[in-house]
Each structure stands twice: as structure tokens, then as C-alpha cells.
Number of protein chains: 2
Amino acid sequence: MAEKKYDALKLENQLCFPLYACSRQIIKKYHPFLDELNLTYTQYLAMMVLWERHTISVKELGNQLFLDSGTLTPLLKSMEKKGYLTRKRSGEDERILLVSITEAGETLRDRAVDVPAKMTGCVNLSPEEAAELYRLLYKILS
Amino acid sequence: MAEKKYDALKLENQLCFPLYACSRQIIKKYHPFLDELNLTYTQYLAMMVLWERHTISVKELGNQLFLDSGTLTPLLKSMEKKGYLTRKRSGEDERILLVSITEAGETLRDRAVDVPAKMTGCVNLSPEEAAELYRLLYKILS
DNA sequence: CTCAATTCGATTGAGTACAATTTAATTATA
DNA sequence: TATAATTAAATTGTACTCAATCGAATTGAG
């Protein structure tokens, strides 16, 4: 008779493991494309928010990306050094730090616009499967 | 008319972002349970492999977890210090480092066996949805 | 008002991740 | 059989990721 006592602890019975592995494998595939833009994957995500919002607080950016100030503070300082954004305290409330995209940051958008299309070939799911995966992931996140 | 030129660059149109966010959010939920075992999430994954395999090379462990020696070497040294495993070069081939579970590592299995059940409540998917998510993730990984 | 509670960001420290390089051991080939 | 090529870990350097803590600014209950 089979020993089932520990089955739940087998790697192949985990849901989080393939999530974690998948996430890292796909991020790796972004590397060659993002290197050309002088961005890491996390920085690329921050730029996506800035391209839509232009100015945003660290707090709100963290809410959108599920990241805290411990991650964002050094990330944003590094991006400021690259010239893609500026960091300035809000006049209304000095606790709030406002991050704003620069002209150089805006320019980057045109060079980044092809990245998503280049990546689609890297995930071999049908459009329906991709849509279903998307739905399930956001259901977990909500 | 709407500006569609940059739609592909919107955060909400990414597939990798929710994957990455989901992975981190779920791993966070493991923390209270894994703290009791004195394990991090990555260490917990390594233990899952060792509970099944007892002895495995760093290379093979890396293949199973999609991690390289740069990550595994310090991870395994730390786990060795905790007494959960031993590290010894293979006699057959001195390049190979064999990682073996200890008695303390085996004992940990009984304390870990409830972790998966405790976690299931943290992901609000139906069993069918979880199964579909699992299938899609492994399709990407293959 | 006023001081306690809250909020926001920065800092610190531990632990990954991973590309690139190095070193030692093994294997293959001229 | 020398040596070139390959392989396995370790090391190095850069960049997250997050828990915990801190300090300054703001808010709110009495």
C-alpha cells in the first residue's frame, strides 16, 4: 500500500511552487529586451505605472505593484540617477514623496512599446488559456 | 478616439505581473507557518525535495527548483548550520556535492505536514480553478 | 489646543536571485 | 597520453524583497 501521509508535501502537489518558478522563468526572458532600455523587470513595472500616471506617491505606487518602501526607495533612487524620474516631497503633506516621470522617461516609452509583442512568443499558451490564467491570478490577488 | 498605441504597456494588460505579484503574496502567507519550522519558503521547497530524495546533488536540486548554485550554495550552507542536512563531495566524482537529509530534517517533516492544509484557505479558488491554474503554469514551465 | 495614535518614507539586516567568472575535476580528442 | 573542452560548485557583484524599526509630519479624541 502506498504511503500517503506526506503526499501534500510533495513538490508536484504544490500550487505556489509553479507560480513562483513560472514568474522567475518569464522575468528571465525579459532580460535581453529590458537590458536595451537599461531597466530591470521591477523598474520596468514602475515605468508602466509612471507612463500612465506621470506623478504618483511612493505609497500609491507600492499599492499598485504590491511592493513596500524597503523595495521602492532604493529602486526609485536608482531610476532617478538614470534620469527617468524625479523625487520631490509634496507641499501639501511633507510625509508624501511624489515621483514624477521625466522627458527621458517619456522617451523610453517608444522604445519599450515593442517589448510586450516580443515577449508573447515566450509563453506558449493559446489566447484563451492566457485569458483564463489572467483571470485566475487576479482572483487570487483580489 | 482612444489612444491605443501604448495599450500593450499598461500594467493591467500584462500576464507576467500578476504571476509575479501572486507568487510573492502567497509566499508571504507562508511566513507564519514556516517561521515555526525555522524555514524560509525557498528552504521549505528544498526540504520537500529532500524528504522525497534523501540524497541529491546540488545540480539536480537546482534542476528541480529552477535555481542555480549562486542561490543554492548559501541556502544549503545555512540549512546545514541548522542541522537539517549535510553536504559532502561525491567519492565517484569530486565535482559533485551531495546534499543529504539528517534525522532532524526528517523529524521536521511531521511538523510540516499540516502546512499545505493551513495554506489552502489562503487561496480562494475552487478545486477546479486550482487544477486549471496548475495545468496552465506547468504548460508554461515545460 | 494637545498629546497620543497614525501615516509615510527611509533605513537596516537577512535572505534570496541570477549573471558572470573562477577553480577543480572529469571527459573527449587529436 | 597530453591537452582541450566540458562540467559542477563556489564566488563575486548587483539588485531586489520584505520584516522590523525609526523619525518626521499629520490627524484626531478629549
Side-chain angles (χ1 to χ4, degrees), chain A residues 16-17 19-35 37-47 56-63 65-82 85 87-99, chain B residues 16-17 20-35 37-47 56-82 85 87-99:
Chain A
C16 185
F17 169 63
L19 209 50
Y20 158 82
C22 237
S23 160
R24 288 184 295 112
Q25 295 306 299
I26 296 180
I27 289 172
K28 264 192 222 178
K29 293 187 178 173
Y30 272 99
H31 251 115
F33 308 129
L34 297 184
D35 279 352
L37 307 178
N38 191 24
L39 289 175
T40 64
Y41 182 71
T42 312
Q43 291 169 3
Y44 172 63
L45 292 179
M47 287 308 300
I56 192 171
S57 70
V58 171
K59 174 77 172 176
E60 177 59 17
L61 182 60
N63 287 342
L65 300 182
F66 299 87
L67 292 170
D68 74 1
S69 69
T71 302
L72 288 176
T73 296
L75 187 89
L76 295 171
K77 283 181 178 174
S78 142
M79 293 170 77
E80 184 181 39
K81 206 175 295 180
K82 294 180 194 182
L85 54 81
R87 298 161 65 253
K88 199 164 89 69
R89 292 279 163 184
S90 160
E92 317 273 308
D93 185 337
E94 287 286 338
R95 291 171 304 180
I96 295 172
L97 188 134
L98 293 175
V99 178
Chain B
C16 184
F17 168 64
Y20 157 82
C22 236
S23 160
R24 288 183 298 110
Q25 295 306 299
I26 296 181
I27 289 171
K28 264 193 223 180
K29 294 189 178 173
Y30 272 98
H31 250 115
F33 308 129
L34 296 184
D35 279 352
L37 307 178
N38 191 24
L39 289 176
T40 65
Y41 182 70
T42 313
Q43 290 168 7
Y44 172 63
L45 293 180
M47 287 309 298
I56 192 172
S57 71
V58 172
K59 173 78 173 178
E60 178 59 16
L61 181 61
N63 288 342
Q64 302 239 353
L65 299 182
F66 299 87
L67 292 170
D68 74 1
S69 67
T71 302
L72 289 175
T73 296
L75 185 91
L76 295 171
K77 282 181 178 175
S78 142
M79 294 171 77
E80 183 181 41
K81 206 175 295 180
K82 295 181 195 183
L85 53 80
R87 299 161 65 253
K88 199 164 86 70
R89 293 280 165 183
S90 161
E92 317 273 307
D93 184 339
E94 287 286 337
R95 291 172 305 179
I96 295 171
L97 189 135
L98 293 174
V99 177

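In the text below, chain A, chain B and the rest are named by the order of the sequence lines, each starting its count at 1.
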What integer distance in Å separates [X]:[atom1] from [N]:[atom2]?
X	N	atom1	atom2	value
L76(A)	dC16(D)	CG	P	10 Å
E60(B)	dT7(D)	CD	C1'	15 Å
L75(A)	dC18(D)	CG	C1'	14 Å
D93(B)	dT27(C)	CG	C1'	10 Å
N38(A)	dT14(D)	CG	P	14 Å
L61(B)	dT16(C)	CG	C1'	14 Å
R89(B)	dA9(D)	CZ	P	7 Å
L97(A)	dT7(C)	CG	C1'	14 Å

Any side-chain N or O of [X] under 4.0 Å from OP1/OP2 of [N]?
X	N	answer
K77(A)	dT11(C)	yes
Y20(B)	dT17(D)	yes
R87(B)	dA10(D)	yes
Q43(A)	dC16(D)	yes
T40(A)	dC16(D)	yes

Between dA8(D), dA17(C), dT17(D), which nucleotide gets closest to the side-chain atoms of T42(A)?
dT17(D)

Please tell me which of the listed nucleotides, dA8(D), dG9(C), dA24(D), lies nearest to the side chain of V58(A)?
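Side chain of V58(A) sits closest to dG9(C).
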
Provide the closest heavy-atom pair for N38(B) versus Q43(B) in the form atom of the first, atom of the second, distance.
O-OE1, 4.0 Å

Specify the closest pair of heavy atoms between P74(B) and S69(B), including all atoms of both residues, with the distance to one decimal.
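Minimum heavy-atom separation between P74(B) and S69(B): CD-O, 4.1 Å.
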
Closest-nucleotide ordering on DNA chain C, the 5'-leading residue of R24(A) and T73(A)
T73(A)

Taking atom OG1 of T71(A) and atom CZ of R24(B), what is their separation to the nearest 0.5 Å?
7.5 Å

Any chance you could measure L97(A), atom CG, to R89(A), atom CZ, to the nearest 0.5 Å?
5.0 Å

What does S57(B) touch in the nucleic acid at a heavy-atom separation under 4.0 angstrom: a base, only the sugar-phosphate, or nothing?
sugar-phosphate

Checking all strands, does Q25(B) fall into the base, sugar-phosphate, or nothing category for heavy-atom contacts under 4.0 angstrom?
nothing

Student check: side-chain heavy atoms of F17(A) and F66(B) closer than 4.5 Å
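Side-chain contact under 4.5 Å: yes.
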
Validation row, ring centre Y20(A) to ring centre Y41(B) under 6.0 Å
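Aromatic pair counts; centres sit under 6.0 Å.
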
Among L72(B), N63(B), D68(B), I96(B), which residue meets the side chain to side chain contact (heavy atoms under 4.5 Å, CB included) test with V58(B)?
L72(B)

Could you check H31(B) against K82(A) and say which one's nearest nucleotide on DNA chain D is further toward the 5' end?
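In this pair, the answer is K82(A).
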
Is a donor on one side and an acceptor on the other found under 3.5 Å between the side chain of R87(B) and the backbone of L98(B)?
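Looks like no, no N/O pair under 3.5 Å.
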
Please give me every residue in residues 62-72 of chain B whose heavy atoms get under 4.0 Å of an atom in DNA chain C, ordered by residue number.
F66(B), L67(B), D68(B), G70(B), T71(B)

